[in-house]
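The block underneath contains the structure these notes are about, expressed in C-alpha cells.
Labels below follow one simple rule: chain letters A, B, ... track the order of the sequence lines, proteins then strands, and each chain is numbered from 1.
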2 protein chains.
Amino acid sequence: MIGDARMADVAAAAGVAISTVSRALSNPEQVNERTRERIVQAARELSYVPNAMARKLRRGATELTMAAVPHRSNSPALSDLLAGIDETMTAAGYRLILERMDRADAAGRFILDPALSGTVDGVFVVSSKVPQFAHRSPEQTRLPLVGLLFDHSSAGIPSVLVDDRYWAAEAAGRLIALGHRQIAFLAGAADGAHDIVRHAGVLDAMDKAGLPRTSVSCASKAMGRSRAARRPPGAAWRCRKCPRPRSPAPTNSPSAS
Amino acid sequence: MIGDARMADVAAAAGVAISTVSRALSNPEQVNERTRERIVQAARELSYVPNAMARKLRRGATELTMAAVPHRSNSPALSDLLAGIDETMTAAGYRLILERMDRADAAGRFILDPALSGTVDGVFVVSSKVPQFAHRSPEQTRLPLVGLLFDHSSAGIPSVLVDDRYWAAEAAGRLIALGHRQIAFLAGAADGAHDIVRHAGVLDAMDKAGLPRTSVSCASKAMGRSRAARRPPGAAWRCRKCPRPRSPAPTNSPSAS
DNA sequence: GTGAAAGCGCTAACAA
DNA sequence: TTGTTAGCGCTTTCAC
C-alpha cells in the first residue's frame, strides 16, 4: 500500500545505504546516475513516499506557513488575498495553514501557540490585532511575521499595505471622468478602519475635480443588520465624517450617476 | 527567547527525568501533583513550547487536515464551507491546510503527494475530480478522504452533499409563494454541474405550482466574460435545457417579480 | 510515581 | 561517490 515503505526498504531493495537514497531523492546531482536510477526504480515499485514529518523534524523547517485571518469573513477579497499568498508560497515550496481568529477573544494564543511549536515557519497576519503569545510580543519570537492590509510596522512587523486613500481617490476619479457627479460611498461593517480612509480618498477626488463634497453620500453595508432596523427604509446611513447632504435626502441605492 | 527551550531543559530545571516532563504535559493525571507543579513552573519560566514536529513524528499523527478546493474560487460559499470545516476541526484539535488545486492540471499529484507524505491526517475534497497519486486511486491509500459538495461515493469516497434540486425547488417555491410569477435563474460559470440540477429544481417548483416553465429565464454569471462578448447586450443566455421563452425576450436583470 | 532507554523516519557530517 | 553514524525532540514501553 502506498506510503507503507520506508527509506530503509528502498535502500535494501536498491542495494545501497539509506543515506544514498536520501541523497538520490533530495540532492540527485550528488549521486551517480546509474545508482540513482536503481533507487528511483525501487522507490517507484515500493510506492515509496517520504515521510514529511521526519524530514521536517530533522531539517528544522516545516515548509508550512500560516495565514491568520478574521474569523467571520467570507469576502471574495480575502479569498483573493489568500489565493495570492498561496500561489506565491506554493511556488516557493510552502503550504498554507488557515487560521481563522476570533477578533474579540484572545486569538493571539491560538495563533502563536502552534506557530511557535514549530508547526509553521512564518505567519501572515491579516488582522487589526497583533497576535500574542502568553503576553509576550512577537518580537520575542523567532517566528517571522508579516502584516497584510493592516499596518503593524509600529509593532516591528513588516507590513504590506494598500494605499486605500490613493486608490479610493483613483476609483472616484474614474467615475468623475465618466461624467458622474453624485457619488455613493458604500462602506463595509461599521468598524472598518479602512473605510474611513477610503472615504477620505473619495473626498480627495471631489476636491480635485472641484466638485462639492456634499455630492458624496454614504451607506453602510451593515445597514441591513444593526442600524437599519432603527431607521426608516430608504434613509442612508452617514458616517460621522461625511458632510450632511442638502435635501432631497440621498437614497441608499448604489447608483453612481 | 520563546521556543528555545527543549524538554530536556525543563527536566533539568525541575530536577526530574525528561519522560516525567512529557507525562506532566501530556498526561497530567499520571504525575504527582507537586512534581507537576514544579515542572509547569519550570516550563513557564523557560518559555517552553513543545516541538510539534517531534511529537507528530513520534505519534504518527499530524493533527492536520487538508482542504482541497478549486483554484480559482473566491466565492463566499466556499469561504463559508471552509469556515465550517475549520470550526469543527479546530474544536477537535485539528488544523486546516489549504490546497488550491488547478482544475485542469494533474492536481491529484499535488494533493495526495504531501498528503501521503504524512503531512496531513485526512483530506476534504471540494472538487469534481477525484485526486490521484501516481495513477493510483485513493483507495490504495490509508489516507481518509471526504468529498464535499461533489459526489465521489462511486469512487469509494464518502461524500457530504447538498440536495441542490430539492433546495432550488424550495427557494423557487418561496418566490412563488410571495406571488412572483417570472423567475430569473442566474447560473454560475458554464461548467457548473450543480446549476443544471438546480435549474431542474426550479422547474419542479413551477410544475408544482402549475406555472408554465417558460416563465423561468436563465442567465449565466459568466455572461460578462466569454459568451457575452458575442451576444447583443441585454440578451440573456439560456441553458440548453431551458425552454425558450416567448417574446418579448426576457431580460437578464435579476428581477424576480 | 518516576527513570532509563529505545526508537519515530529522516538528514548531514564525517569517513572511507 | 557511497557508507556509517549521530542525532532532530518527543513519546512510550519497561523496569524500578
Side-chain angles (χ1 to χ4, degrees), chain A residues 2-40 42-43 46-64 93 113-114 116-121 142, chain B residues 2-40 42-43 46-64 93 113-114 116-121 142:
Chain A
I2 297 181
D4 280 2
R6 301 287 155 245
M7 198 176 262
D9 302 325
V10 178
V16 297
I18 184 174
S19 56
T20 305
V21 178
S22 176
R23 280 191 218 99
L25 267 32
S26 304
N27 307 76
E29 72 283 359
Q30 293 180 18
V31 173
N32 180 297
E33 178 161 343
R34 306 209 40 196
T35 318
R36 209 196 58 221
E37 278 172 4
R38 279 219 318 286
I39 293 173
V40 169
L46 292 170
S47 292
Y48 170 70
V49 185
N51 181 306
M53 286 308 148
R55 152 191 280 251
K56 291 178 200 308
L57 171 59
R58 178 60 227 234
R59 310 229 321 191
T62 66
E63 280 149 355
L64 247 34
D113 173 19
L116 286 166
S117 315
T119 294
V120 302
D121 293 337
R142 292 264 159 70
Chain B
I2 297 182
D4 280 3
R6 301 287 155 245
M7 199 176 260
D9 302 326
V10 178
V16 296
I18 184 175
S19 54
T20 305
V21 177
S22 177
R23 281 192 215 98
L25 267 31
S26 305
N27 307 77
E29 71 282 1
Q30 294 179 18
V31 172
N32 180 299
E33 178 161 342
R34 306 210 40 197
T35 317
R36 210 194 58 222
E37 277 172 5
R38 279 218 319 286
I39 293 173
V40 169
L46 291 170
S47 292
Y48 170 69
V49 185
N51 181 306
M53 287 307 149
R55 153 191 281 252
K56 291 180 202 306
L57 171 60
R58 178 61 227 234
R59 310 228 320 190
T62 68
E63 279 150 356
L64 246 35
D113 174 20
L116 287 167
S117 315
T119 293
V120 302
D121 292 338
R142 292 264 160 70

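- Atom CG in Asn51(B) sits about 6 Å away from atom C1' in dG9(D), given to the nearest Å.
- The distance from atom CD of Glu63(B) to atom P of dC10(D) is 15 Å, rounded to the nearest whole Å.
- With rounding to whole Å, Leu57(B) atom CG is found 12 Å from dC10(D) atom P.
- Straight-line distance from the CG atom of Asn32(A) to the C1' atom of dG3(D): 15 Å, rounded to whole Å.
- Summarising the geometry, atom OG belonging to Ser22(A) is positioned 9.5 Å from atom CZ belonging to Arg58(A); distances are rounded to the nearest 0.5 Å.
- Minimum interatomic distance between Ala13(A) and Ala42(A) (heavy atoms only, all atoms of both residues): CB-CB, 4.0 Å.
- Tested against Val10(B), the residues Leu46(B), Ile18(B), Val16(B), Leu25(B) include a single side-chain contact (heavy atoms from CB on, under 4.5 Å) partner, Leu46(B).
- With axes fitted over five pairs at each extremity, the angle between the ends of the helix from dG1(C)-dC16(D) to dA16(C)-dT1(D) is 30° (10° resolution).
- Rounding to the nearest 0.5 Å gives a distance of 10.5 Å between OG1 of Thr20(A) and CG of Asn32(A).
- Regarding contacts with the backbone of dG9(D), every side-chain N or O of Tyr48(B) stays at 4.0 angstrom or more from both OP1 and OP2.
- Annotation: proximity of residues 17-27 of chain A to DNA chain C (heavy atom, distance under 4.0 Å) is found for Ser19(A), Ser22(A), Arg23(A), Ser26(A), numbered in ascending order.
- Atom-to-atom, CZ of Arg38(A) to P of dT1(D) comes out at 15 Å; the value is rounded to the nearest Å.
- As a whole-Å value, the separation of Leu46(B) CG from dG9(D) C1' is 15 Å.
- The nucleotide range of DNA chain C contacted by chain A, defined by atoms under 4.0 angstrom from heavy atoms of the protein and reported 5' to 3', is dG9(C) to dA13(C).
- Going from atom CG of Asn51(A) over to atom OG of Ser117(B) covers 8.0 Å, rounded to the nearest 0.5 Å.
- Formation of a donor-acceptor pair under 3.5 Å by the Thr62(A) side chain with backbone atoms of Thr119(A) is found in this model.
- Look at CD on Gln30(B): it is 10 Å from P on dT13(D), rounded to the nearest Å.
- Separating the CZ atom in Arg142(A) from the CD1 atom in Ile2(B) is a distance of 11.0 Å, to the nearest 0.5 Å.
- Remark: side-chain polar atoms of Asp121(B) are paired, donor with acceptor, to backbone N or O of Glu63(B) under 3.5 angstrom.
- Per the geometry, CE belonging to Met7(B) stands 19 Å off P belonging to dG7(D), to the nearest Å.
- The closest donor-acceptor contact from the side chain of Arg36(A) to the backbone of Ala24(A) lies at 3.5 Å or more, if one exists at all.
- Here Thr35(B) contributes atom OG1 and Gln30(B) contributes atom CD; the two are 13.0 Å apart, rounded to the nearest 0.5 Å.
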